[in-house]
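Take a look at the structure below.
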Protein chains: 2
Amino acid sequence: MMLASKPSDAAPAAHDRVYRALRARIMHGEMSPGEALTLRGIGKEFGVSMTPARESVRRLVAEGALSLSSSGRVAAPELTNERIEELAALRALLEVELASRALPRAHMALIDRLQAINMTVAEMVSKRDAVGYIRTNLEFHRTLYLRAQAPAMLAIAETVWLQLGPTMRALYGRLRRTEPPQNHRLIIAALKAGDEPGLRLAVRSDVTHGLRLLAG
Amino acid sequence: MMLASKPSDAAPAAHDRVYRALRARIMHGEMSPGEALTLRGIGKEFGVSMTPARESVRRLVAEGALSLSSSGRVAAPELTNERIEELAALRALLEVELASRALPRAHMALIDRLQAINMTVAEMVSKRDAVGYIRTNLEFHRTLYLRAQAPAMLAIAETVWLQLGPTMRALYGRLRRTEPPQNHRLIIAALKAGDEPGLRLAVRSDVTHGLRLLAG
DNA sequence: TTTGGGCCATTGTGATCACAAAGGCCCGTA
DNA sequence: TACGGGCCTTTGTGATCACAATGGCCCAAA
């Protein structure tokens, strides 16, 4: 079905390309809560017909990244405070476990990578780049959790990030943070020390820190 | 778009009807791991065209209920032992939390309902009805977790059940169990006593009990 | 000025079709 | 009998179309 003139070009399916693009846009906070999408609009933007646009939208709806109005209109979800609290609790639950599983496998190379990413995070903070901050912050977490060797758990954590995406942008716009991510430093320190309780606490704090402000 | 001659008939969309039917079939273990599906076959079975069949299949693939072969063929997933262990760990993590949240709201009416469901579970066990057992067992858990008032967490737990569906059937066929669900009794007892540590332990045991056998 | 009704453009849904690739089957050959 | 090549059927993908319902907009009346 898919043709590949060269082994290098992966020739991704149209619906998958659209899905990935929309997913990144949502997860990184490039859509505001309530912002609407149309199938024909998506199709036109990506140069495809309605069919792949529909499939990608359906998939994102299934993952909770988009909300489906009663009459089938799709839009970025506007989360209630209850839902935000619940998603924050889920992040804490899942990511503490992921970090804990990654700890015994975290060698120096990983910690160096995390520190490098963390510098980029700090740079995004100083530049007041909300989208860049969200993206690099998630990259920090994902890099750590990949070491846990728990793909199903990581996938679920990512769908939680996806659901929080549109709200995160609003959140980080609200709180005027100029300080570099202190909790990330605690995470790195706990990793270095092999301190599991400290790591769990640091991850929990980092994950629930901002979200509590918005929801509470 | 959808017309309703009477307010009672919900006039469900075709893709949603197909999705729900396939989802129940998978979650309850009515499909064997590796069993294949075709879009045209689904369409013919439910009297719809390929379009709604494709949407429902795509959604189920997104939720991990079906696995997508390299060339787009869909089938019930054959899980590796590593993945089964991971999903069992996820069940433990999520369901212990859900049970813990349900505990303060669990009144006598709920406990009565759980006991009634548990009798049906025992009946299914004695009848050697694997599908019936899986269905009522999940109903037991869902009834409890609904009290947690945590819809996002419950939704994620259900997608984990969905991923385990095809393997559960094989599992409960393997272990020759005739005893009624002892762990369910422990759960009910802990609920009655308001014993949170006991409840967490009982749920964790119940959830990981069988799955450890298959994966280990 | 505000409100209500009706018309029209917009939008999602599902069916159908053309196409390419993958899988399976059969037959011939070693 | 076992192995391999070639053909044909099956199957997923994406485009297009007809249709119905929703939503918005404008104008008229109070």
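Model, not experiment: these values are computed from the prediction. Chain letters run A, B, ... following the sequence lines, proteins first, then strands; residues in each count from 1.
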- Using whole Å, report how far CG of B:L68 lies from C1' of C:dA22. 14 Å
- Query: Any Lys/Arg nitrogen of B:R142 or B:E158 sitting under 4.0 Å from an Asp/Glu carboxylate oxygen of the other?
  - Reply: yes
- Message: Judged by each residue's nearest nucleotide on DNA chain D, which is more toward the 5′ side, A:S69 or B:L37?
- Response: B:L37
- Can you tell me if B:R91 and B:T208 form a side-chain donor-acceptor pair at under 3.5 Å? no
- Message: Nearest to the A:H15 side chain among C:dG14, D:dT13, D:dG12, which nucleotide is it?
- Response: D:dT13
- Once you round it to whole Å, what is the distance between C1' of D:dT13 and CG of B:L39? 9 Å
- Mind calculating the distance between CG (A:L66) and P (C:dG12) to the nearest angstrom? 12 Å
- Task: Just jot down the side chain to side chain contact (heavy atoms under 4.5 Å, CB included) partners of A:R40, sequence neighbours excluded, or say none.
- Result: A:M50
- Task: Please list, by residue number, the residues of residues 40-59 of chain B whose heavy atoms come closer than 4.0 Å to an atom of DNA chain D; answer none if no residue qualifies.
- Result: B:R40, B:M50, B:R54, B:R58
- Gap separating the CG atom of B:L94 from the CD atom of A:E97, nearest 0.5 angstrom: 10.0 Å
- Query: Below 4.0 angstrom, N of the basic side chain to O of the carboxylate: do A:R169 and A:E30 qualify?
  - Reply: no
- Query: Do B:H15 and B:Y19 have ring centres separated by under 6.0 Å?
  - Reply: no
